[in-house]
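Structure record follows, encoded as structure tokens.
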Amino acid sequence: MSSFTSSSKICQEFESILTTDPKKRRYNVFLSFCAHDKGYFLSSLEEALSLEAGINVFGDIKRFQHVESVLNVIQDCKVAVVLFSKNYTNSSSCIQELEKITQCCRTSDLVVLPVFYQGVGPFYHGDMFGGDTFHDFLDRISMEEISKEEDKLMTWVAAITKANKYLGSRDLIPKPIYRYEHVSITDYIKDIVEHITCVINKNRDFCANSCTPSVKSGVQDVIQLLKQSKSPLIIGIWGMTGIGKSTIAQAIYDQIGLYFEHKSFLKDLGVLWEEQNHDQVLFKGHQHHRVLLVLDNIDKLEQLDVLGLRRSRKWFGEGSKIIITTRDRHLLKKHGIDHIYRVKELDESESLKVFNLAAFSQATTPQEDFSELSRQLVAYSRGLPLALKELGFFLNGEEALKWKNVLKSLKRLSIPAPRLQEALEKSFSDLSDEEKRIFLDIACLFVGMNLNDVKQILNRSTQSAALEISNLEDKSFLTIDENNKLGIHVLLQAMARDIIKRKSSNNTDQPKMYDVFLSFRGEDNRAKFMSHLYSSLQNAGIYVFRDDDEIQRGDHISISLLRAIEQSRTCIVVLSTNYANSRWCMLELEKIMEIGRNRGLVVVPVFYEVAPSEVRHQEGQFGKSFDDLISKNSVDESTKSNWKRELFDIGGIAGFVLIDSRNESADIKNIVEHITRLLDRTELFVAEHPVGVESRVEAVTKLLNIQNSDDVLILGIWGMGGMGKTTLAKAIYNQIGSKFEGRSFLLNIRELWETDTNQVSLQQKILDDVYKTLTFKIRDLESGKNMLKEKLSQNRVLLVFDDVNELEQLKALCGSRDWFGPGSRIIITTRDMHLLRLCGVYQMYTIEEMDKIESLKLFSWHAFKQPSPKEDFATHSTDVIAYSGGLPLALEVLGSYLADCEITEWQYVLEKLKCIPHDQVQEKLKVSFHGLKDFTEKQIFLDIACFFIGMDKKDVIQILNGCGFFADIGIKVLVERALVTVDNRNKLRMHDLLRDMGRQIIYEEAPSDPEKRSRLWRHGEVFDILEKRKGTEAVKGLALEFPRKDCLETKAFKKMNKLRLLRLAGVKLKGDFKYLSGDLKWLYWHGFAEPCFPAEFQQGSLVSVELKYSRLKQLWNKCQMLENLKILNLSHSLDLTETPDFSYLPNLEKLVLKNCPSLSTVSHSIGSLHKLILINLRGCTGLRKLPRSIYKLKSLETLILSGCSMIEKLEEDLEQMESLITLIADKTAITKVPFSIVRMKSIGYISFCGFEGFSRDVFPSLIRSWMSPSNNVISLVQTSVSMSSLGTSKDLQKLRILCVECGSDLQLTQDIVKFALQGQ
């Protein structure tokens, strides 16, 4: 320091310090400061450290001038706090202290905390450094062991941070504390004290620390690399996905960034690059500045090209540091990076800590029950931070059972945590196709094998195996150890297996290429037994796969063999003495048994000179061979255990035992016959629990009429997705297939038809299945048609074509009935009824939903493994049945999903399903929606799903036609595709799950922004959008019923200028109605509260107006011409007194005014409506008469006057209504019936008395009853009209129903009696 005052007391104390045992530190903290800048801040800091925190501080301002003695104190302290102020560098004592501090950092565990105050910073250009930067200042500090090429600033940073072991993740390296970061000096001092206390107390949990020693070590290692040059330096941080590259880079950036003039951290640059934001990552013009740049997750060399890092480092000033994190070491090598740092996995203790923090929110395992489970899960993560965190988060709060299930998945090499799988697969997706193929092959087959051997095998299918393996190593997907053995992280292995499993499941319905796969040990029996068996199978027309390459079997299995196993129907495993001595054979057996368990491959063991018990228990010579294999090869315990299990299992399968056989030919004949029987049986798996299948099979079998018809019959099984069409077809195929000369079942044609290769393979499969031979080879689709017609016409065959969706498919596979021999039966399953009609299929079975009993039984089997629900779950099970609507797919999926769940979880799942449909069910149903090729058909489906379920089909067609959707055709297509149904009242219906699927499609348009969706119906979302006026032009349809607020504003609709469908109930709007969309086609407003409709509302586009239960007195004050209006429904408007002027509604087709008791007159202008089809005035009790002009309505088909109690008569002009079919006038005051009724040519139903159900079959008996003297009837025949006006008997015969209410004697003339008798 620049000045000190001495005292004997302090001197004595100081002397005692120098003689104290260094292990017993008298002072914990050394304060280095300039006395000229001391003041309140320094005294307050020292007081806070000494008195409040109880820390021994060497910082008294009355220090000695004996610099050498003071310097000796530094090396004995734990923390040195350097207070940089304006005059610090003007003091030679301060400079010497700083030099000593830096030296101690390099040689001891001293921790330094730089503190900048009085406006001073590392790049302060004021008085402190005399215009120089902090870097220049450090140049003036004597650092003898630093080479001229080293970066002195980074050397200083590395030195003062090297020994830090205690601070949290935010304080990994002590960074300077700035005065301007704090609002007050008190907060500033408090922050400094916290930092110092943390170091002294070794508080590892400070700042919620989750940073591991490995990460801290990595940071220190990289910083040491950064100091090696003054020139711009580029460092690569390399490692696999999730290893912590970005964590290390971020920690370095946080701690040293303050020492640079400019800094930037570009996080996840790969994602930024994909978004084409290249301009955001350009850096130029920093030639004279010290820059810190971190480029995180670089995955393409071109990214570095655009940044300019490959061309020149002149963009950056001296001392600049560029840090690149990447998975691809090759990218770093090619770029010419100065240093590459590989991030290592965490050790076991660090791994356990990271996992526990994620799983339990603490560093230790809280319960003994989870201790061993945690240890095992950590072991499978193999030190990968991402895996530890994701598995921990995935299991946080879960029961031990869930933990055990996750552990089982990991042991089976399957990743249970979706986010972890997603992250790993993201890196996999960045590989080239060839790299992907090589990686998957190595992960599944070659881990632990010698690199040279693997190259030799892979070179059989590619010439670039060595290059691809090198690339995979550079990209952190595999490792090569010192013994030249290939290694892959266990989670990458699990990811690979999951990918292959998905691909395999997607291809399970591919046509099988081989009848039999032969697995054997060539050196034991190839020359004699195998060649004999192979030729015998071939002679029997059985297509066999046998590896007959120039033998390179040795110890490894080829990739082509695995594919052949998957494409085989049966497998013969010849277990000979040395079979288990071959790694190749054991891997082959493992794959065979796996496919046998999971996909029904039939495995036939042949025990050739070994007993089944020897195989089962690995005994005798067979067991010795197996032991030799294990001892000579690097086989891990897991693989060994799997192999022993497969040998045990296959040893227990009934097969053929050939020991000292005297008649090998007979044995081979038996094997061939057995295989032939297996192939002929070819029963398909129907269902685990085939509830309700039997009755449906019986119904379809009757339609097929197998026994009595020699005609070729084609039958369609039609229904919506998930109804069980395929299940039913499989059951029928199994039951009747043996009665035909040949048969074939083509599964899932819709998906397989996408490529030309699959189209030809489907044709090929028909011939292969029917004739059990591969002698017929189809070259292309057209030649295949000719061959199918030529061959199949000679035989009685059964063909099933499953999930057909295109006419071209049927043309290629079963062109016409002429293709098939007499008695053949073809079954087609489809969702498209129209397709069946196009190809002339007239026999059709419509598959119906399950009833409640069947539904409950099927659901219970999947949920409870019994035919009825458990007692406590009965009510919830009924709720699931109701939700599923009898759809078998939904019952199976939800049953399996809810199995083993607690009853509280059931309630949660049911609530969730109301908002978010189940993915597996939805994806199946979406196939039908995506199969709609016409845009308008999809729009019609979505409109119905959201707004029109339960509405009259004709009304909906009118509305949607007004939207330009050609709804007549569109709805017909939806009905044919089983997406919509029409009930016996002509109302549109839709299965609840199809409705939910449609609404989910709308939801997915903008999951987080409902105002950007095309249709809105959820009450909460709609109310929020209207209340906050968030509507957009994206909204095409909106429904809101009975909101919690009394009144909303019309301005809420201002931006919804493309709204065409609006359904409101109990909603009040205030404001100018001009804001409602001018494109509105349908207005349904239950409870409209105004006395008349606002004149400013633009109604010109309206097709349908429904204002039920309104307070209207009249429709409008000022008439508007509504040329598009087809439907007007003002029913239950109790205050309505008059009808509108109909001359302004020239195209009206439907007028409904039910229960409008105040209505007294109907406008005479109604006679001008030449397109009106229906008038319904039921319950209009105030209506006294109809206008005479109403009888001029020649287009009217239905007139309903029931309950119009004040209407007394109908005019003779009624016969002018030449299109009238239905006339209903129950409970009126009508006393006279015009004779002209019987002359109306179109009349079909008449009711004046409430009788229902009368037909022309009972009409004569009704007339005869009038003739009975006992009847008291009133004459309803007008006396002014002659009897001849009743017309002829032919006129009367046209009358199908006549109901007449009588009260006195009816004088029937002979003419009427004649009419009655002739009508019989």
Side-chain angles (χ1 to χ4, degrees), residues 952 1065-1066 1084-1093 1105-1117 1127-1142 1145 1148-1167 1169 1172-1193 1196-1214 1217 1220-1234 1237 1245-1252 1274 1276 1278 1297-1303:
D952 184 82
Y1084 178 99
W1085 198 332
H1086 184 286
F1088 179 70
E1090 302 296 326
C1092 67
F1093 219 75
V1105 174
E1106 299 180 60
L1107 304 178
K1108 300 179 183 179
Y1109 297 93
S1110 73
R1111 295 182 182 178
L1112 288 170
K1113 293 183 177 179
Q1114 57 185 23
L1115 186 56
W1116 50 62
N1117 285 325
I1127 301 166
L1128 179 62
N1129 187 341
L1130 307 178
S1131 297
H1132 309 287
S1133 297
L1134 304 183
D1135 300 328
L1136 186 69
T1137 58
E1138 62 183 52
T1139 63
D1141 185 340
F1142 293 109
L1145 314 176
L1148 192 67
E1149 296 182 7
K1150 187 173 181 179
L1151 176 64
V1152 183
L1153 301 173
K1154 293 190 295 183
N1155 192 29
C1156 296
S1158 301
L1159 183 66
S1160 57
T1161 60
V1162 174
S1163 171
H1164 67 89
S1165 61
I1166 196 170
L1169 299 178
L1172 194 61
I1173 296 173
L1174 178 143
I1175 298 176
N1176 188 345
L1177 299 172
R1178 184 189 301 274
C1180 293
T1181 54
L1183 189 62
R1184 293 180 174 275
K1185 65 178 181 177
L1186 300 177
R1188 195 89 181 200
S1189 61
I1190 200 170
Y1191 300 107
K1192 297 178 182 180
L1193 298 175
L1196 192 69
E1197 297 177 359
T1198 301
L1199 177 60
I1200 301 174
L1201 302 172
S1202 297
C1204 296
S1205 55
M1206 299 182 70
I1207 294 181
E1208 298 179 348
K1209 70 173 182 177
L1210 294 175
E1211 303 294 341
E1212 283 293 329
D1213 296 341
L1214 189 67
M1217 295 181 173
L1220 192 65
I1221 297 172
T1222 303
L1223 174 61
I1224 302 175
D1226 296 329
K1227 298 177 183 179
T1228 64
I1230 296 174
T1231 58
K1232 302 263 184 199
V1233 178
I1237 285 180
Y1245 180 83
I1246 304 173
S1247 174
F1248 284 106
C1249 57
F1251 289 106
E1252 296 180 5
I1274 285 180
L1276 297 183
Q1278 295 179 1
I1297 299 174
L1298 175 64
C1299 306
V1300 182
E1301 199 170 59
C1302 306

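- Listed for the Ser1158 side chain is a donor-acceptor partner under 3.5 Å among the backbone atoms of Leu1134.
- Between Tyr1109 and His1132, the angle of the ring planes stays under 30°, which puts this pair in the parallel group of the 30/60° scheme.
- Put simply, the side chain of Thr1222 never gets that close to the backbone of Thr1198: no donor and acceptor are under 3.5 Å apart.
- For the atom pair NZ (Lys1150) and CD (Glu1197), the distance works out to 12.0 Å, reported to the nearest 0.5 Å.
- Remark: Cys1156 SG to Glu1138 CD distance equals 12.5 Å, nearest 0.5 Å.
- Two residues are said to be in side-chain contact when any heavy atoms from C-beta on lie closer than 4.5 Å; Leu1153 and Val1162 fail this criterion.
- Considering only heavy atoms from C-beta on, Leu1107 comes within 4.5 Å of Phe1093 through its side chain.
- Here CG of Leu1136 is found 11.5 Å from SG of Cys1092. Values are rounded to the nearest 0.5 Å.
- Between Tyr1191 and Glu1212 the shortest side-chain heavy-atom distance does not fall below 4.5 Å.
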- [ ] Decide side-chain hydrogen bond (donor to acceptor under 3.5 Å, both in side chains) for Ser1110 and Ser1133; before the verdict, give the C-alpha distance in whole Å, the side-chain angles of both, and the deciding distance to 0.1 Å.
- [x] CA-CA 5 Å; Ser1110 73; Ser1133 297; 2.6 Å; yes

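- At a threshold of 4.5 Å between non-hydrogen side-chain atoms, the residues Ile1190 and Met1217 count as touching.
- Looking only at distances, a side-chain donor or acceptor of Thr1139 sits under 3.5 Å from a matching main-chain atom of Ser1163.
- In this structure the side chain of Leu1145 reaches within 4.5 angstrom of the side chain of Leu1128, judged on heavy atoms.
- Atom CG in Leu1112 sits 10.0 Å away from atom OG1 in Thr1137 (nearest 0.5 Å).
- Exactly one residue among Asp1226, Leu1177, Asn1176 makes a side chain to side chain contact (heavy atoms under 4.5 Å, CB included) with Leu1201. That residue is Leu1177.
- The heavy-atom pair separating Leu1169 from Phe1142 by the smallest distance is CD2-O, 3.4 Å.
- One N or O on the side chain of Ser1189 and one on the backbone of His1164 form a donor-acceptor pair closer than 3.5 Å.
- Within the model, atoms CG of Leu1183 and CE of Met1206 stand 9.0 Å from one another, a figure rounded to the nearest 0.5 Å.
- For the pair Leu1159 and Leu1130, the minimum side-chain heavy-atom distance is 4.5 Å or more.
- A distance of 9.0 Å separates CG in Leu1193 from CG in Leu1199, rounded to the nearest 0.5 Å.
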